[in-house]
Amino acid sequence: MVGCSRGGGGLPAWMTAAAARVDLSGGGGGMPGSGASSSQTGSSGPHQAGAAAAAAADQELGMVERALSAAGAAFVSAIIVNPLDVAKTRLQAQAAGVPYYRPSQMASLGPDAILSDFRCSPSCTRGVILGSEPVCPPDCFQYKGTVDVFLKVVRQEGFGRLWRGTNAGLALAVPTVGIYLPCYDLFRNWIEDFTQSNAPGLTPYAPLVAGSVARSLACIACSPIELARTRMQAYKEFRPGVKPPGMWKTLLGVLSPLASSTQNAQNYRALWTGVGAQLARDVPFSAICWSTLEPIRRKLLGIVGEEGDAASVLGANFAAGFVAGSLAAGATCPLDVAKTRRQIEKDTQKAMRMTTRQTLADIWSSGGMKGLFTGVGPRVARAGPSVGIVISFYEVVKYALHQRHIS
């Protein structure tokens, strides 16, 4: 970092200009003539040269390159962590009253349907043998935790259902992160340039503000896809042999109850159901995540220095992203529960009238603190690796592009 006393150390030149010139961890900011020690002054030249190189590299990376890097990262992350997202959504939907069995099935369906729809998971000890399969009573279809969701979904619906909503997740993640990370980079650099000249004391807050604004833009733009994904993951298809609705049919299902209304333009607001709760979740998540991630990442990259290769860049960014994502996910879990509850509401008119504050109050009154943190395990387990993958992939691609430019 600027003013660091490590000989030949400091952040790699491929990092953004902001990362090279701002030290959120309280390290030195010595510049020539600032009264630094002789050892610091002697090393300030190479570090300033590194900052200048970083600034040049950052300018060379255009919006398209940033977006492609971020979209590729989102694609990889969405596929890897989707089962945890399904587990989190199922647990939250169950707490909201979504049933995962039909009481009438035991009496109305034939033996084949019974075996298909009431097969026990390996974790259940209450099953009775009917034919060649253990069959459970309806209350055994209640999910008891993340692993229990995995076992029951695989047993009752098939292994592929753990990736339910992946197409919507990819359709969501690629544009969301493709907007989010490039805008974060650009906003952070602009804010840090402005505050360095006009209010240096505010410069450490640039990641927090930039992350919040960039996340808001991404959330509003992609909220209908988030609505579709949440509903696809929350609901179970009970009819044997019937394929659950995809993303477009799910969104049409949101609009269909309003089709008879004459206010067609206003009806499309239903596609943004829960966007307020989503912003209330994602803006604090982004602020916590970036304000935690940046100092950790810069400290690790400062240790790596200019001699770091792609593997060390990958490790530093993944570690910082993992820690920051996990902390932010745990802190914002109640808002995620509220978002899920608003988006799975079947009554479209009621969903449009719901507010985040009212939803949180209802969750608290019915489930207390436990209700507010329903699904926190899979949410944290998903967010840590997801943020780590996205950030490390994004930064490694930027590193590769920088190496291409300088060669």
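- Counting only residues at least two apart or on different chains, the salt bridge (Lys or Arg N to Asp or Glu O under 4.0 Å) pairs with a member in residues 279-290 are Arg215-Asp282, Arg281-Asp336.
- Although no hydrogens or angles enter the test, the distance criterion places a donor-acceptor pair under 3.5 Å between the side chain of Trp272 and the main chain of Ile220.
- Of the residues listed (Thr374, Thr230, Thr340), the one engaging Gln92 in a side chain to side chain donor-acceptor pair (under 3.5 Å) is Thr340, and it is the only one.
- Gln278 pairs by the side chain to side chain donor-acceptor pair (under 3.5 Å) definition with Ser223, not counting sequence neighbours.
- Side chain of Arg297 to main chain of Ala319: no donor-acceptor pair is present (N/O by atom type, distance under 3.5 Å, no hydrogens or angles).
- Shown here for Gly325 and Ala383, the closest heavy-atom pair between the two residues is O-CB, 3.6 Å.
- A pairwise comparison of heavy atoms in Ala287 and Ser212 identifies CB-OG, 3.5 Å as the closest pair.
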Go through the steps to decide whether Met354 and Asp362 satisfy the test side chain to side chain contact (heavy atoms under 4.5 Å, CB included), and finish with yes or no.
-> CA-CA 11 Å; Met354 293 169 72; Asp362 291 344; 5.9 Å; no
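- Take Tyr184 and apply the ring pair (Phe, Tyr, Trp, His ring centres under 6.0 Å) test, not counting sequence neighbours, and it matches Trp290.
- Under 4.0 Å is where a charged nitrogen must lie from a carboxylate oxygen, and between Arg164 and Glu157 no such pair does.
- If you take CG on Leu91 and CD on Gln142, they are separated by 10.5 Å, rounding to the nearest 0.5 Å.
- Note on ring orientation: taking the six-membered ring where Trp is involved, the planes of Trp190 and Phe194 are parallel (angle under 30°, cut-offs 30° and 60°).
- With contacts defined as side-chain heavy-atom distances shorter than 4.5 Å, the pair Arg382/Ser386 qualifies.
- Looking at Arg342 and Thr356, their side chains do bring a donor and an acceptor atom within 3.5 Å of each other.
- Of the options Asp85, Thr146, Thr332, a side chain to side chain donor-acceptor pair (under 3.5 Å) to Arg379 is made by Thr332 and by none of the others.
- The two atoms that bring Arg341 and Ser366 nearest to each other are NH1-OG, 4.2 Å, heavy atoms only.
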When you look at Leu360 and Arg357, which way does the side chain to side chain contact (heavy atoms under 4.5 Å, CB included) test go after all the steps?
-> CA-CA 5 Å; Leu360 287 170; Arg357 179 182 295 181; 5.8 Å; no
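- The CZ atom of Phe318 sits 6.0 Å away from the CD1 atom of Ile389 when rounded to the nearest 0.5 Å.
- Here the straight-line distance linking atom CG of Asn317 with atom CD1 of Ile296 works out to 11.5 Å at 0.5 Å rounding.
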Would Val387 and Phe322 count as a side chain to side chain contact (heavy atoms under 4.5 Å, CB included) if you check the C-alpha gap in whole Å, the side-chain angles of each, and the deciding distance to 0.1 Å?
-> CA-CA 6 Å; Val387 173; Phe322 187 93; over 6 Å; no
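- With contacts defined as side-chain heavy-atom distances shorter than 4.5 Å, the pair Pro385/Ile80 does not qualify.
- In plain terms, the two heavy atoms of Glu226 and Lys339 that are nearest each other are OE2-NZ, 2.7 Å.
- Atom OH of Tyr205 sits about 14.0 Å away from atom CD1 of Ile191, to the nearest 0.5 Å.
- Residue Val337 comes nearest to Gly371 through the heavy atom pair CG1-O, 3.8 Å, listed as atom of the first residue, atom of the second, then distance.
- Here Leu293 contributes atom CG and Arg298 contributes atom CZ; the two are 9.5 Å apart, rounded to the nearest 0.5 Å.
- Side-chain contact check for Ser286 and Tyr180: at least one donor-acceptor pair (N or O, by modelled atom type) lies under 3.5 Å.
- At a threshold of 4.5 Å between non-hydrogen side-chain atoms, the residues Ile344 and Tyr235 count as touching.
- To the nearest 0.5 Å, the span separating CD on Gln343 from CD on Gln233 amounts to 10.5 Å.
- Considering all non-hydrogen atoms of both residues, Phe150 and Pro83 come closest at CE2-O, 3.3 Å.
- In this structure the side chain of Phe187 never reaches within 4.5 angstrom of the side chain of Val209, judged on heavy atoms.
- Looking at heavy atoms from C-beta onward, Pro204 lies out of side-chain contact with Glu294 at the 4.5 angstrom threshold.
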Start with the C-alpha gap between Tyr143 and Val153, add the side-chain angles, then the distance that decides, and say whether side chain to side chain contact (heavy atoms under 4.5 Å, CB included) holds.
-> CA-CA 10 Å; Tyr143 299 126; Val153 168; 4.0 Å; yes
